[in-house]
Amino acid sequence: RLEECRQTLGVLNQEAESDPDALRVQALLMLLDGNVDQAQVNIRRALDAKPHWEAIQFSAGVIWYYSALSPALLPPYTAEWPEPAFPMLIKEDDTSVDLLRLATDMFRSLVSKPGRADAERKGMEIWLLGCLANDPERQPEAINLCRKMLAEEPVDYRAVFWAGARQWPIDLSESDRAIEVLVREGSAS
């Protein structure tokens, strides 16, 4: 319901310009519209106003992550998790690498917060994996994180997808067995 969201923000116009959460939503809409530069401006304003709000931190990480990718990879919807990108579609200029590393730091911070529900932590961890995987200097760290994720949950399809897409030296036999069991039991989704 993106158009309805745009209309609501338009009605709020003046209020939306100073409300941190409205700025966050505007930034995400701008990202989806392909206006990455303005998305960065708005998420920075939201972060300046409320630096400790996790929803703003998470949105900043997502915007910075996509800022480091080719515009062709911008999602037309709010992505639940980052899918592997062909390395040739990852920007290598200093600004993009800096933004990717800001996203890495943001997701690392969010993942490490104590008391987080396991499913929520894993949702943030996959974004961290995507950031590390797209940073050519952090491949060993990405591979180790992927191994850890698969050791915790061998059927984590997102981690399996990253491992396979990047052809990392990760043994997926345990994942294969676990998925086969799910299929045999009829509980695979």
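What's counted below: heavy atoms across the whole structure, side chains too, no hydrogens, waters or symmetry copies.
The ring pair (Phe, Tyr, Trp, His ring centres under 6.0 Å) pairs that include a residue from residues 132-156 number zero, where partners must be two or more places apart or lie in different chains. Under the ring pair (Phe, Tyr, Trp, His ring centres under 6.0 Å) criterion, no residue pair touches residues 166-189, with sequence neighbours excluded.
A distance-only check finds no donor-acceptor pair linking the side chain of R24 to the backbone of A46 [under 3.5 Å]. Not a single donor-acceptor pair under 3.5 Å links the side chain of S109 to the backbone N or O of D105. A donor-acceptor contact shorter than 3.5 Å links the side chain of D19 to the backbone of D21. Although no hydrogens or angles enter the test, the distance criterion places a donor-acceptor pair under 3.5 Å between the side chain of R147 and the main chain of P169. Side chain of S59 to main chain of A55: a donor-acceptor pair is present (N/O by atom type, distance under 3.5 Å, no hydrogens or angles). With hydrogens and angles disregarded, no donor-acceptor distance shorter than 3.5 Å links the side chain of Q57 to the backbone of M106.
Checked against side-chain hydrogen bond (donor to acceptor under 3.5 Å, both in side chains), Q167 has no partners two or more places apart in sequence or in another chain. Qualifying salt bridge (Lys or Arg N to Asp or Glu O under 4.0 Å) partners for K91, counting only residues two or more places apart in sequence or in other chains: none. Here R44 pairs with nothing under the salt bridge (Lys or Arg N to Asp or Glu O under 4.0 Å) rule; sequence neighbours left out. Legend: residues meeting side-chain hydrogen bond (donor to acceptor under 3.5 Å, both in side chains) with K148, ordered by chain and number and at least two apart, are E125, E152. Residues meeting the side-chain hydrogen bond (donor to acceptor under 3.5 Å, both in side chains) test with D171, sequence neighbours left out: S173. Checked against side-chain hydrogen bond (donor to acceptor under 3.5 Å, both in side chains), E180 has no partners two or more places apart in sequence or in another chain. Scanning for salt bridge (Lys or Arg N to Asp or Glu O under 4.0 Å) contacts around E153 gives K122, with sequence neighbours left out. In this structure, the salt bridge (Lys or Arg N to Asp or Glu O under 4.0 Å) partners of E141, at least two apart in sequence or on a different chain, are R108. Taking the ring pair (Phe, Tyr, Trp, His ring centres under 6.0 Å) definition, one finds that F107 meets it with F58, W127, sequence neighbours left out.
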- Task: Applying side-chain contact (heavy atoms from CB on, under 4.5 Å), run through N134 and R166 and close with a yes or a no.
- Result: CA-CA 10 Å; N134 289 343; R166 291 300 172 89; 2.7 Å; yes

- Message: Using side chain to side chain donor-acceptor pair (under 3.5 Å), reason through N144 and R138 one step at a time and then give a plain yes or no.
- Response: CA-CA 10 Å; N144 288 336; R138 294 187 170 164; over 6 Å; no

- Task: Determine, stepwise, if the pair Y65 / L100 fulfils side-chain contact (heavy atoms from CB on, under 4.5 Å).
- Result: CA-CA 5 Å; Y65 172 85; L100 184 62; 4.1 Å; yes

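Of the charged side-chain nitrogens involved, none lies within less than 4.0 Å of a carboxylate oxygen, so that R45 and D48 do not count as a salt-bridged pair. A salt bridge is absent between R101 and D98: the closest approach of a Lys/Arg side-chain nitrogen to an acidic carboxylate oxygen does not fall below 4.0 angstrom. Contact check on K113 versus E54 returns a salt bridge, with a Lys/Arg side-chain nitrogen under 4.0 Å from an Asp/Glu carboxylate oxygen.
Cluster membership for V97 and L132, using ILVMFWY side-chain heavy atoms within less than 4.5 angstrom, is not shared. Side-chain heavy atoms closer than 4.5 Å link hydrophobic residues (I, L, V, M, F, W, Y) into clusters, and following such links, even through other members, never connects Y157 to V181. Note on Y77 and W81: separate hydrophobic clusters, where clusters join Ile, Leu, Val, Met, Phe, Trp and Tyr whose side-chain heavy atoms are under 4.5 Å apart, directly or indirectly. Using a 4.5 Å cut-off between side-chain heavy atoms of Ile, Leu, Val, Met, Phe, Trp and Tyr, with links allowed through other members, L102 and I126 fall into the same hydrophobic cluster. Follow the hydrophobic side-chain contacts under 4.5 Å out from L29 and you never reach I43; the two are in separate clusters.
The CG atom of L23 sits 8.0 Å away from atom CD1 of I56, with the distance rounded to the nearest 0.5 Å. Here CD of Q38 is found 10.5 Å from CD1 of I63. Values are rounded to the nearest 0.5 Å.
Between P154 and A178 the shortest heavy-atom distance is CB-CB, 4.1 Å. Closest heavy-atom contact between I170 and I143: CD1-O, 3.9 Å. Pairing each heavy atom of L32 with each of P76, the nearest pair is CD2-C, 4.1 Å. The nearest pair of heavy atoms linking A142 to L129 is O-CD1, 3.2 Å. Between A68 and S96 the shortest heavy-atom distance is CB-O, 3.6 Å. When all heavy atoms of Q139 and A133 are compared, the closest pair comes out as NE2-O, 2.8 Å.
Side-chain contact between V62 and L31 is present, with at least one heavy-atom pair separated by less than 4.5 Å. Counting heavy atoms from C-beta on, the side chains of Y66 and P75 come closer than 4.5 Å.
With no hydrogens or angles considered, a side-chain donor-acceptor pair links Q40 and S67 at under 3.5 Å.
Its side chain within the 4.5 Å cluster rule, L182 clusters with V155, I179, V183 among the Ile, Leu, Val, Met, Phe, Trp and Tyr residues.
Of the residues listed (L99, T104, V36), the one engaging W64 in a side-chain contact (heavy atoms from CB on, under 4.5 Å) is L99, and it is the only one.
The environment of E80 atom CD is sparse: at most 12 non-hydrogen atoms of other residues, nucleotides or ligands sit within 6.0 angstrom. Remark: D118 CG is packed, more than 12 non-hydrogen atoms of other residues, nucleotides or ligands lying under 6.0 Å away.
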